[in-house]
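Just so you know, ligand 1 is whichever comes first in the structure, and atom 1 is the first atom listed for that ligand. By convention here, the first residue in the shown sequence is residue 1.
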Amino acid sequence: MKLQHLFGIAQLNKEQIHYLINMGDAFIELSKRPIKKAPTLRGKTIINLFFENSTRTRTSFEIAGKRLSADVINISASTSATSKGETLLDTAQTLAAMQPHVLVIRHSLAGTCEFLAEHLRETAIVNAGDGAHEHPTQILTDLLTLKHSIGDVAGKTMTIVGDISHSRVARSHLLAAKILGYHVRVVAPKTLLPSKVENYGCEVFHDFDAAIAGSDILYMLRVQTERLTSNCCFPSIREYHEAYGLNKKRLARANADCVVMHPGPMNRGVEIASDIADGAHSRILNQVEHGVAVRMAVLTAMCDLRFNAHDLPSNPDKRGTL
Ligand code: CP
């Protein structure tokens with residue numbers, strides 16, 4: 001699979017998405033072993049460069065790399081030289097000069113990864129979330145979780161609820177839905193919807209109760225208060241929860257086997273009630289578990305390209321074993 005960089009779901013076709021999901025599926029078993037180690041990425045160097053906070057994505061990239069025997073280095077904005085005034089590009093070029101195979105980058109600005117890739121031609125770049133643009137590995141994680149929960153996602157209805165306008169996860173799902181053939185409903189107050197969102201081919205609702213019936217997946221989003229201006233978007237957290245929070249009464253209107261997802265971090269009692277987050281329909285921790293496996297698959301795909309380009313053809317241990 002030719003994958004020089006992973007900027008977003010938009011660059012992938014159906015076969016590439018299924019390839020990564022299926023490889024991730026094969027990697028799940030590794031994390032259940034007593035000794036969680038395979039030599040697949042032995043000799044590879046991966047740098048996680050995070051300019052925004054992260055628990056799930058950063059940790060799962062680190063665990064994924066380490067379980068596959070890569071050398072993994074984590075750098076956050078507060079400990080990088082950008083805090084002394086160095087530009088993003090200088091920081092990235094400095095790290096690239098140390099010859100990592102993959103740079104995993106999270107940044108608040110949309111397009112950061114494409115921008116850096118233009119300057120760092122020899123380093124594979126993976127987007128770990130850029131502004132409100134894309135979060136491709138989260139979507140691959142969700143799709144692997146859905147493969148286990150409901151099988152083929154084609155023809156299914158995913159209802160995404162909450163802060164659509166600031167959500168890279170919502171945007172990536174809207175793009176993935178077109179490629180894989182699932183149907184998306186977006187639900188939000190007008191103040192949290194991007195203009196012309198219907199151009200993505202989704203149904204648009206402002207009334208959550210009207211959108212629930214027929215949903216196979218309820219995908220709840222956090223209100224991204226760090227990206228909102230003050231006094232923006234809704235009167236109060238209590239009123240937001242009343243209008244857009246998922247509770248037992250609302251879940252009862254969905255399909256009986258409806259699954260509940262959330263990319264995290266979640267705000268219990270705001271977009272989702274605790275008993276739903278911890279309940280039988282929830283797949284939230286499955287998403288986290290599968291995040292490690294999918295990131296193993298993505299790192300393997302990225303490193304394979306580097307291997308093909310630079311390694312000796314006689315090396316018999318190209319991929320290692322699972
Ligand atoms: N889903 C997600 O990106 O979570 P983190 O911000 O914790 O990485």
Atoms of ligand 1 under 4.0 Å from any heavy atom of T57, numbered from 1 in the order shown, are 2 (C), 3 (O), 4 (O), 5 (P), 8 (O)
Should R58 be counted as touching ligand 1, given the test is an N or O pair under 3.5 Å?
no
Does F50 have R106 sitting over its ring (NZ/CZ under 6.0 Å from centre, angle to axis within 45°)?
no
Does some non-hydrogen atom of G264 fall short of 4.0 Å from ligand 1?
yes
Checking the side chain of N255 only, and the main-chain atoms of C258 only, is there a donor and an acceptor separated by less than 3.5 Å?
no
Tell me the contacting part of E52 for ligand 1: side chain, backbone, both, or neither, using a 4.0 Å heavy-atom threshold, strictly below.
neither
Give the residue, atom name and distance (to 0.1 Å) of the protein heavy atom nearest atom 6 (O) of ligand 1.
R106 NH1, 2.9 Å
Is D163 salt-bridged to R222, going by a charged N under 4.0 Å from an acidic O?
no
What protein heavy atom sits nearest atom 4 (O) of ligand 1, and how far off is it?
R56 NE, 3.1 Å
P263 N/O to ligand 1 N/O under 3.5 Å
yes
In ligand 1, the atoms that come under 4.0 Å of a heavy atom of Q138 are 1 (N), 2 (C)
Pull out every atom of ligand 1 sitting under 4.0 Å from any heavy atom of T55, numbered as shown with elements.
5 (P), 7 (O), 8 (O)
Parallel under 30°, tilted from 30 to 60°, perpendicular over 60°: which one fits the rings of F7 and H5?
parallel
Students often mix this up, so state it plainly: with edges at 30° and 60°, are the rings of Y182 and H173 parallel, tilted or perpendicular?
perpendicular
Under 3.5 Å donor-acceptor, D90 side chain and T94 backbone
no
Quick check: does any side chain N or O of H183 sit under 3.5 Å from a backbone N or O of K156, one acting as donor and the other as acceptor?
no
